[in-house]
Amino acid sequence: MSSPLQSIVALHHIQTDLRVADARLSTVPDDMRELHEAHGVKQAEIDAARADVEAAAKQVREARAALEDARAKLDKYQSQVSQVTNQREYGALLKEIETVKEAIAEAEAQIAEAGERETEAAESLTMLEASFTELDGRYREGMAAWEADKPAVAAHAETLRAEADALREKIPMGPRRLFERLDERLDGSPVAEILLVQANATNRTYHCAACNYRVRPQVVVQVRNSGEILQCDQCKRILFWQEPPVEVEAEA
């Protein structure tokens with residue numbers, strides 16, 4: 001039967017793997033991140049160019065509507081010239097005609113200016129869309145592969161979740177609460193391995209793998225031999241001892 005310390009270390013490893021799996025399900029995979037960012041930048045450029053085309057086209061439509069309205073007023077005023085009966089009416093009508101002609105000239109200038117902007121924006125949009133084709137194809141292919149991989153990752157995550165729940169039940173309340181507090185406070189890093197950093201015939205020196213603080217030999221003995229749940233004096237992580245792998249000598 002495993003000790004509470006062994007269960008805690010095993011739970012930590014499972015929770016670490018679970019966080020990786022959940023991150024894969026909720027965020028873009030690392031091997032897709034650069035492509036995702038490049039795709040987003042290029043898509044934003046295309047959206048901006050498309051917005052410029054639409055804004056210029058709207059200005060052209062509005063200017064043409066204003067031009068049609070001004071021309072209709074001009075035709076109306078010009079038809080009234082023969083109907084005036086005195087110089088005052090004639091002068092007022094000429095002033096209206098002059099105002100409408102200025103409006104026509106302004107609308108024609110706006111149409112030309114907005115039309116030029118629309119043409120330039122449309123050309124820019126065409127170039128951006130052409131250069132986007134290859135990138136978009138690679139991005140869609142990568143995203144499709146990611147989506148296809150998700151069910152397996154989700155199933156693995158559920159397995160890990162079940163294993164974590166089972167391990168929590170094996171850990172006594174006190175050590176489990178300590179582990180959970182440290183896990184939350186230390187951002188998923190509640191345990192630390194004891195490392196043997198120096199060994200000779202007369203002396204052995206141990207450090208905490210997380211903060212590099214020296215671990216007292218007595219603590220090492222208690223953790224290694226008895227599986228006691230003890231914390232690093234510096235970072236307060238739960239310490240554990242990992243037996244080094246046995247080296248197999250090659251046959252001569």
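Residues take their numbers from the sequence shown, with the count starting at 1. These numbers were taken from a predicted model, which means no experiment stands behind them.
Residue Glu180 places its CD atom among more than 12 non-hydrogen atoms of other residues, nucleotides or ligands, all under 6.0 Å distant. The number of heavy-atom neighbours closer than 6.0 Å to CZ of Arg19, taken from other residues, nucleotides and ligands shown, is above 12. Annotation: Lys58, atom NZ; neighbour count of heavy atoms from other residues, nucleotides and ligands within 6.0 Å does not exceed 12. At most 12 non-hydrogen atoms from other residues, nucleotides or ligands lie less than 6.0 angstrom from CD of Glu34.
The shortest side-chain heavy-atom distance between Leu135 and Leu35 falls under the 4.5 Å cut-off. Residues Val191 and Arg237 form no side-chain contact, since every pair of their non-hydrogen atoms from C-beta on lies 4.5 Å or further apart. When side chains are defined from C-beta on, Met32 counts as touching Met143, because their heavy atoms get closer than 4.5 Å. Looking at heavy atoms from C-beta onward, Val81 lies in side-chain contact with Leu93 at the 4.5 angstrom threshold.
Residues Tyr77 and Leu94 fall within the same hydrophobic cluster, defined by Ile, Leu, Val, Met, Phe, Trp and Tyr side chains chained together at heavy-atom separations under 4.5 Å. In the hydrophobic clustering of ILVMFWY residues, with side-chain heavy atoms under 4.5 Å counting as a link, Val60 and Leu125 come out apart.
Taking CD of Glu54 as the reference point, atom CZ of Arg61 lies at 8.5 Å (rounded to 0.5 Å). The structure places CH2 of Trp146 at 10.5 Å from CG of Asp31, a figure rounded to the nearest 0.5 Å. Rounding to the nearest 0.5 Å gives a distance of 8.5 Å between CD1 of Ile8 and OG of Ser3.
For residues 208-229, the side-chain hydrogen bond (donor to acceptor under 3.5 Å, both in side chains) pairs, not counting sequence neighbours, are His207-Asn212, Arg216-Asp233, Gln222-Glu228, Arg224-Glu243. Residue pairs satisfying the ring pair (Phe, Tyr, Trp, His ring centres under 6.0 Å) criterion with at least one member in residues 169-198, sequence neighbours excluded, are absent. Among pairs with a residue in residues 89-137, those fulfilling ring pair (Phe, Tyr, Trp, His ring centres under 6.0 Å) read His39-Phe132, at least two apart in sequence or across chains.
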Could you pull out every donor-acceptor pair under 3.5 Å between side chains of residues 20-27 and any protein atom, sequence neighbours left out?
from  : atom 1 : to     : atom 2 : distance (Å)
Asp22 : OD1    : Arg161 : NH2    : 3.2
Asp22 : OD2    : Arg161 : NH1    : 3.4
Arg24 : NH2    : Asp149 : OD2    : 2.4
Ser26 : OG     : Asp22  : O      : 3.0
Thr27 : OG1    : Ala23  : O      : 2.5

Please table the atom pairs, donor to acceptor, closer than 3.5 Å between any side-chain atom in residues 166-178 and protein atoms at least two apart or in another chain.
from   : atom 1 : to     : atom 2 : distance (Å)
Arg168 : NH1    : Asp165 : OD1    : 2.8
Arg168 : NH2    : Gln15  : OE1    : 2.8
Arg176 : NH1    : Arg168 : O      : 3.0

Which atom pairs, donor and acceptor, lie under 3.5 Å between side-chain atoms of residues 66-76 and protein residues at least two apart or in another chain?
from  : atom 1 : to     : atom 2 : distance (Å)
Arg71 : NH2    : Glu108 : OE2    : 3.2

Report, one line per pair, each donor and acceptor closer than 3.5 Å where one atom sits in a side chain of residues 95-105; sequence neighbours left out.
from  : atom 1 : to    : atom 2 : distance (Å)
Thr99 : OG1    : Lys95 : O      : 3.0

Under 3.5 Å donor-acceptor pairs involving side-chain atoms of residues 42-53, not counting sequence neighbours:
from  : atom 1 : to     : atom 2 : distance (Å)
Gln43 : NE2    : Asp47  : OD1    : 3.1
Arg50 : NH2    : Glu129 : OE2    : 2.9

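What you find for Leu18 and Ala157 is that their closest heavy atoms are CD1-O, 3.4 Å. Between Ala148 and Pro151, the shortest heavy-atom contact is O-CD, 3.3 Å.
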Arg138 and Glu134: salt bridge (charged side-chain N to carboxylate O under 4.0 Å, His left out), yes or no, with the steps?
CA-CA 6 Å; Arg138 287 193 290 118; Glu134 188 273 336; 2.6 Å; yes
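Residues passing the side-chain contact (heavy atoms from CB on, under 4.5 Å) test with Met127: none are found, sequence neighbours excluded. Among residues two or more places apart in sequence or in another chain, the salt bridge (Lys or Arg N to Asp or Glu O under 4.0 Å) test is passed with Asp30 by Arg33. Here Arg185 pairs with Leu182, Lys236 under the side-chain contact (heavy atoms from CB on, under 4.5 Å) rule; sequence neighbours left out. For Val220, the side-chain contact (heavy atoms from CB on, under 4.5 Å) test picks out Ile194, Tyr206, Val215, Trp241, with sequence neighbours left out.
Panel note: side chain Ser189, backbone Leu186; no donor-acceptor pair is recorded below 3.5 Å. Judged by distance alone, with hydrogens and angles left aside, the side-chain atoms of Ser124 form no donor-acceptor pair with the main-chain N or O of Glu120 at under 3.5 Å. The backbone N or O of Ala114 lies less than 3.5 Å from no partner atom in the side chain of Glu118, so there is not a single donor-acceptor pair.
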